[in-house]
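Here's the structure we're looking at; comments come further down.
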Amino acid sequence: LRNFAPRQLNAQDIACIEQSFRGKLESLRSVDDLIGEVLAALERNGETSGTVLMFTSDNGYLYGQHRLNQKLYAYEETIRVPLYIRDLSVTTARAEDLTVLNNDLAPTITELAGAAPVLAVDGRSLLPLFADVRPSAWRKRFLVEHYFGFVPDYAGIRGVTGSPFLYVEYKPPGAQGNGWGGCASDLCELYFLAGDPFQNNSQHGAPQVQSAIVGLEKLLRGLRFC
């Protein structure tokens, strides 16, 4: 990871991480109370039949995984977020295993409101999933980036079908603009999640994947500049 090897966590680090984790859990009690108050108000006003609730988050968070904290990295713990959608007129719950993105929310809300977007949108409406209609084609991969200022510190591809993977390139030190060097030196990582779900062993240096990395570099450039 950009020639950066985090040190081993000591007892003080672990205690601090645990305290932070417990504090965030406690803060969610107020969120739970708020949701209950909103639901109660909707029921009092007879507005449940025309209401859809969406609950999500901006980023995941590292609590010592990879010996890191914060939410600034391309690992699963930070790029995956919860998404709960509830149509208050529906009483049965179910889970979908399709990969959806935060840019799917705007098209979904637009269709729920009966509006039509004037501009092209990146995501797609999730309403067919509400009706238990699985699309014949869905996304196979998506772009993940972290911006510092106006330039991404990293950009990666997360593959979600077949053999899930994460390929990520890091901005070389001193690089200007978008002039990145691809998977050079130790400035990239490649994880195959079926056999390495916790992303402990990057395979970017393995001889058998070098031809695949050439294709991933090209695909990533296209996604970054589209």
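As a basis for the values below, the full set of heavy atoms in this structure was taken, side chains included, without hydrogen atoms, waters or symmetry mates.
Considering only residues two or more places apart in sequence or on other chains, Y61 meets the ring pair (Phe, Tyr, Trp, His ring centres under 6.0 Å) condition with Y63.
Note that CG of L39 is 5.5 Å distant from CG of L53, once rounded to the nearest 0.5 Å. Between the CG atom in L88 and the OG1 atom in T51 there is a gap of 5.5 Å [rounded to 0.5 Å]. Atom-to-atom distance recorded for Q210:CD and L216:CG is 10.5 Å, nearest 0.5 angstrom. Here the CG-OH distance, from L68 to Y75, works out to 6.5 Å after rounding to the nearest 0.5 Å. Interatomic distance, E96 CD to F130 CZ, rounded to the nearest 0.5 Å: 10.5 Å. Interatomic distance, SG of C188 versus OH of Y154, reported as 15.0 Å (0.5 Å rounding).
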Stepwise side chain to side chain contact (heavy atoms under 4.5 Å, CB included) check, M54 with L126: CA-CA 12 Å; M54 297 186 181; L126 304 178; over 6 Å; no

Side chain to side chain contact (heavy atoms under 4.5 Å, CB included) between E77 and Q199, worked out: CA-CA 10 Å; E77 293 89 353; Q199 297 169 287; 4.3 Å; yes

Derivation of the ring pair (Phe, Tyr, Trp, His ring centres under 6.0 Å) call for Y73 and H66: CA-CA 10 Å; Y73 305 93; H66 308 282; 8.5 Å; no

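The two residues T56 and P82 make their nearest non-hydrogen contact at OG1-O, 2.7 Å. Residues V121 and P107 share a closest heavy-atom pair of CG2-CG, 4.0 Å. Across all non-hydrogen atoms, the minimal contact from T108 to L127 is CG2-CD2, 4.3 Å. Heavy atoms only, all atoms of each residue included: D104 and G123 are closest at OD1-CA, 3.3 Å.
Taking 4.0 Å as the cut-off between side-chain N and carboxylate O, E26 and R22 do not count as a salt-bridged pair.
Within 6.0 Å of NZ on K218 lie no more than 12 heavy atoms contributed by other residues, nucleotides or ligands. For CD of Q208, the number of neighbouring non-hydrogen atoms (other residues, nucleotides, ligands) closer than 6.0 Å is greater than 12.
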